[in-house]
Amino acid sequence: MFRLLPSVPDHPALEEEILSWWEERGTFEQLRERNRGGPVWSFIDGPVTANKTLGVHTAWGRTLKDVFQRYKALRGFDQRYQNGFDCQGLWIEVGVERELGLNSKPEIEEYGLAEFARKCREKVAWSAQELIRGSKRLGQWMDWGNDYYTFSDTNISYIWRFLKLVHERGWLYRGHRSTEWCPRCGTSISAHELVGSYEERIDPSLFVRFPLIDRPGESLTIWTTTPWTLPANVAAAVHPDEEYGLQENGEWVAIKRYPDETYVERRPGAELIGWRYAGPFDHLPAAEGIEHRVIGWDEVTMDEGTGIVHIAPGCGTEDFELSRVHDLPVVMPVDEAGRFYDRFGWLHGLSTSESTEQIVADLAERGRLVAAGEYAHRYPFCWRCNTPLIFRIADDWFISVDEVRPRLLAANATVEWTPAYFGKRMDDWLRNMGDWNISRRRYFGLPLPIFPCSCGHVAVVGSRAELDDLATAGMDQLVELHRPWIDAVEIRCPACGTEGVRRIPEIGDVWLDAGIVPFSTLGWENPEFVEGGYGTGAAKGLTGADLPDHNYWETWFPAHWVSEMREQIRLWFYSQLFMSVCLVDKAPFRSVLGYEKMLDEHGRPMHGSWGNLIPAEEAFARMGADVMRWQYCNQPPDRDLLFGYGPAHEIKRKLLTLWNSLGFLVRYANIEGFRPTFDDLASGPVAVELRPLDRWLVVRTEKMLADATAALEQELTHRLIAAFESFVDDLSNWYIRRSRRRFYDYDEAAFRTLWFALVTGLRVISPVMPFLAEHLWRNLVADVCAEAPESVFLAGWPELGEPDERLLAEISEVRRVVELGREARSTAGVKLRQPLRRVYVRGARLAQEHAQEIVEELRVDEVGFDQGPVALVRLLPNLRALGPRLGRKVPEVKAALERGEVEELGDGRIRVAGEELSADEVIRGERVEIAGWTIAYDGTLSVALDTKLDPGLELRGRVYELIHTVNNMRKDAGLELTDRIVLTLPDGDELQSHEEWIKAETLASRIERGEALAITKA
Ligand SMILES: [Zn+2]
Ligand SMILES: [Zn+2]
């Protein structure tokens, strides 16, 4: 006996139940044991930042990872299942700062770096546990507890090794340049970190007058949206080839920008070069000794502003580059915290935004302001703390990329990207990226192992062991490779022998931490396998992960597959590729599945403050993990996912078709005492006579499996879902519909075929909906078949024969005919229960062998093919297109169209009056009704039903109505499906001739006569 199914599944409840059952049975461990020694499939998990609980965004990626790992496991692949956490750098620091109420770097330093590091580690440990809990609830199977943590000394030591190698090749250098800077975090931001960080913002729009020193009464007019950069102005740039003009009010501007103005003098930009002007803030000490002049610059745009550009080399990348070309002074207005230095007089201490109003007021007061307004544009914000970024000149450490660039491009060419355009994006990035800025002026992160000696030698320490060798002090207190402890270590300069050489204070870009993972976790060049050896430094006590040896790395590198969202192209995918190409000149992954963004169901980004963010816990409780997973998997990866409860509701509604089909099987199997045969799962029922419809369902199941397998091999989960959905629709709305009565009266072939099809469906959808599939496998298979594995995940991936495509095409066409027939009935307002005399079908070549099924489904007495009325659509010639081509033949074509003498050729093409016309040469008008017929039509196929009724048809229609009514009454009376009844029919009806039919259909043992229609249990 199967357990009866409730009317709808309670996803959260059954999921919790399956979670404890898996735990209790050690199902995952059994699976790993089963696949040990099998073919290797290497997946490397991109580390999730350990500073939060699980969110629905992260759950998307985790679901995809789990789906493919489960699928590969079902196919017998040996896998690692190692989860990873990103644990240091700005992400972690910002969260901890907030919790501690610290708002600036001096406050952190006052708090104490050792204590700050301890708090950061605590945060990571807490978040790791939360993320593991949430991921388990999502159904993700990983080797929890043996996770990698990027802040382990092992991981750090591997990065040091990479940096040493980069240094040996001469690619590591200290650069003085302009960089995007977060004033709150007090650090530069690297180009790849700017991805997606531009937001709409309103800035002031100022037109400012720079008086010309040698041309009294005249001035240059410039335009800026960053008033705080004006005190750092040193030059004004014009385009040498554009024409500039002097207006009557004494202002010089580009003529192209103001073509309708009157000009008293016109000159090419080249003639303005060298003119001297009074700077906007010459009275401040910072401007002392600066000679402001006009320079030429080909990049000056004529699209906005005045065509004269204000240049402040201390505040912008291009400005800084110009300062090198023209030997301009570089004035830095603000410090690390984005506040004006004291040499800026009354501006001292103000932030860039605080200074705006005062600068505008001051310019106005001194008669320098021409106009002020507002300007909306895209502006970069800090990706961690959301502070607007500014430009600053800073000394940072860079890795020069030019030499490695061609090798990166070559390595990327070996990678298979899904969707393919992600690979092109990576190529674009690789072609255009600048040098990698790897240093950050922060605290809890990868300590850069750079020790510059006063002799000029820069030592880059390549490992923890090398540090041991070189150190002369501070090793005894080095609890882990983090600040402040690492800062106290002193080394001997390997070049000159000087002792007391200290590390630079900077820490590294977090993408170094994540990029090294394919080496640090797989034991690259590690001489011996150390069990539990990965959890060193800050990771000690958090993980039992091993530090494998080089053999292991050879086995598992490169990864067969990695998967993350699109922004990772410039982040993790990039940093991994970069480090891997530097170390072993090879891509670290063979194939990548990327995916786009997640938005709320209305297409807006999810934000905590907008109230549309769905916490994962709430989603688990309200939709269930399986429905979330379905929603993630149903998403084509090249489009944004609109996630929410609305779509979840729709999925649950769709799943009811599956659920009701299962419920149907279970109900009648129990009534009729059906017991499944486990071996049927190998290739469909054997040793029982199958009817054509059964054979079709077996083939349909084979087809679904073939489609689903192809979808998974192509890494396109939405195609898997589509294959499954159309299978369930066919199974329910064709097979069960057509076979219903075979289940009322035990038909072994029908039971076995349906069981085989449903169970195979569950096995195929199990990677997407592991809980529901497991729950139903237990009920339908494991609990009733002694030889069945206890878990669907221990049963392997189904393997069936090649589907018979011809049979599938035939039935698919039959279903189209039936659907059109129903549509035609509904158009004419003829109920499905009313029998009709005949149907004529045109254009259905394959369905002809299934005439009987069409007759039954459409409730007609006969079917005719390619005869009778056709679906008439009024066709008119498109004279504009046809006139020139056919000329005088047009009237003949027009007349033939009117008479309906048309042959459809497919794709909208037709043949008429001996001419072949393309789709755009005819205009299709509305349908034409033919009296007594109702017609439906879908391009190549048409179905026409004769709607004329006679007394015989009407009477049979009434019998069908009666049977329907009585069966509803049985349901309302709560009768079992097998209960027999006594049926009372009203006196004087004329249904006597059909009494036997009525008795059979309503399970009536006898029919009595009475006043009104009634039933009683017999
Ligand atoms: Zn910031
Ligand atoms: Zn030295």
Side-chain angles (χ1 to χ4, degrees), residues 47 49-51 85-124 127 149-151 153 155-156 159-160 163 174-175 179-194 197 334-339 381-387 389-390 392-399 436-450 480-489 502-516 537-538 571 575:
T49 307
N51 64 346
F85 293 115
D86 225 340
C87 338
Q88 55 185 12
L90 212 41
W91 279 318
I92 308 296
E93 286 194 30
V94 169
V96 171
E97 273 178 80
R98 282 208 182 119
E99 274 171 28
L100 295 173
L102 305 175
N103 288 311
S104 67
K105 287 166 67 175
E107 286 180 35
I108 297 174
E109 283 170 25
E110 200 179 310
Y111 180 80
L113 294 194
E115 186 58 15
F116 188 68
R118 205 179 62 76
K119 288 280 182 201
C120 289
R121 184 185 182 277
E122 248 173 41
K123 178 92 182 171
V124 168
S127 165
Y149 286 74
T150 58
F151 64 12
D153 281 3
N155 209 63
I156 291 171
I159 303 166
W160 283 10
L163 291 172
R174 185 175 167 84
T179 167
E180 272 96 350
W181 185 278
C182 173
R184 200 216 66 88
C185 296
T187 187
S188 53
I189 300 285
S190 187
H192 56 242
E193 293 171 309
L194 289 170
S197 63
V334 296
D335 63 13
E336 286 197 348
R339 293 183 180 276
F381 286 73
C382 175
W383 57 301
R384 285 326 301 163
C385 72
N386 211 35
T387 303
L389 299 180
I390 59 173
R392 271 194 97 235
I393 308 301
D395 287 329
D396 280 312
W397 288 87
F398 291 86
I399 296 175
W436 185 356
N437 176 344
I438 58 162
S439 59
R440 303 288 180 271
R441 287 169 175 74
R442 296 293 304 186
Y443 308 102
F444 189 70
L446 160 77
L448 291 177
I450 303 173
E480 61 190 58
L481 296 180
H482 278 117
R483 300 184 70 186
W485 306 285
I486 188 74
D487 295 343
V489 174
R502 296 240 181 173
R503 194 184 74 86
I504 58 165
E506 282 90 339
I507 62 165
D509 180 1
V510 289
W511 297 107
L512 291 166
D513 300 336
I516 200 68
L571 301 173
S575 68

Pair Asp86, Thr150: side-chain N/O donor-acceptor within cut-off below 3.5 Å:
yes
With Lys119 via salt bridge (charged side-chain N to carboxylate O under 4.0 Å, His left out) - residues at least two apart:
none
Could you check Leu113 against Ile108 for side chain to side chain contact (heavy atoms under 4.5 Å, CB included), going step by step and ending with a plain yes or no?
CA-CA 7 Å; Leu113 294 194; Ile108 297 174; 4.0 Å; yes
State, to 0.1 Å, how close Gly89 and Val510 come at their nearest heavy-atom pair, and which atoms those are.
CA-CG1, 3.6 Å
Let's go through Phe151 and Arg121 carefully: what are the C-alpha distance in whole Å and the side-chain angles of both, what is the deciding distance for side chain to side chain contact (heavy atoms under 4.5 Å, CB included) to 0.1 Å, and is it a yes or a no?
CA-CA 9 Å; Phe151 64 12; Arg121 184 185 182 277; 4.1 Å; yes
Could you tell me the separation between the CZ atom of Arg392 and the SG atom of Cys182, rounded to the nearest 0.5 Å?
12.0 Å
Look up atom CH2 in Trp397 and atom CG in Leu163, then write down how far apart they are to the nearest 0.5 Å.
10.5 Å
Qualifying residues under salt bridge (charged side-chain N to carboxylate O under 4.0 Å, His left out), relative to Glu115, sequence neighbours excluded
Arg118
Listed partners of Arg442 passing salt bridge (charged side-chain N to carboxylate O under 4.0 Å, His left out), at least two apart
Glu93, Glu97
Would you mind checking if Arg483 and Asp487 are paired as a salt bridge, meaning a charged N to carboxylate O distance below 4.0 Å?
yes
Roughly how far, to the nearest 0.5 Å, is the OG1 atom of Thr49 from the CZ atom of Arg384?
6.5 Å
Might you point out which heavy atoms bring Val94 and Cys185 nearest each other, and give the distance in Å?
CG2-SG, 4.1 Å
The criterion is ring pair (Phe, Tyr, Trp, His ring centres under 6.0 Å); which residues satisfy it with Phe381, sequence neighbours excluded?
none
Side-chain donor or acceptor of Arg174 paired with backbone N/O of Asp395 under 3.5 Å
no
What are the two closest non-hydrogen atoms of Ser439 and Leu448, and how far apart are they?
CB-CD1, 3.7 Å
Do side-chain atoms of Asn155 reach the backbone of Ile516 as a donor and acceptor pair under 3.5 angstrom?
no
Give every residue pair that meets the ring-ring contact (aromatic ring centres under 6.0 Å, His included) criterion with at least one member in residues 92-116, sequence neighbours excluded.
none
What one should report as the nearest heavy-atom pair of Ala50 and Ile92 is O-CD1, 3.6 Å
Heavy atoms, side chains only, cut-off 4.5 Å: are Arg503 and Pro447 in contact?
yes
Polar side chain donor-acceptor pair, Asp396 to Ser188, under 3.5 angstrom
yes
4.5 Å side-chain heavy-atom contact, Glu193 and Leu90
no
How long is the straight-line distance from CH2 of Trp383 back to CG of Leu571, given to the nearest 0.5 Å?
7.5 Å
Applying salt bridge (charged side-chain N to carboxylate O under 4.0 Å, His left out), name anything that partners Glu99, two or more places apart in sequence or on another chain.
Lys123
For a quick test of reading the model, state the closest non-hydrogen atom pair linking Asp509 to Trp436 and the distance between them.
OD2-NE1, 2.9 Å
About how many Å separate NE2 of His482 and CD1 of Ile507, when rounded to the nearest 0.5 Å?
8.5 Å
Test your reading of the model: is there a side-chain donor-acceptor pair from Arg440 to the backbone of Tyr443, 3.5 Å cut-off?
no
Would the distance check show the side chain of Lys105 and the main-chain N or O of Arg441 forming a donor-acceptor pair, the cut-off being under 3.5 Å?
yes
For the side chain of Arg502 and the backbone of Ile504, is there at least one donor-acceptor N/O pair under 3.5 Å apart?
no
Quick check: closest heavy atoms across Glu480 and Ala538, and the distance to 0.1 Å?
OE2-CB, 3.6 Å
Which value, rounded to the nearest 0.5 Å, describes the distance between Leu512 atom CG and Trp160 atom CH2?
13.5 Å
Between Glu107 and Asn103 (side chain of the first, backbone of the second, donor and acceptor by atom type, cut-off under 3.5 Å), is there such a pair?
yes
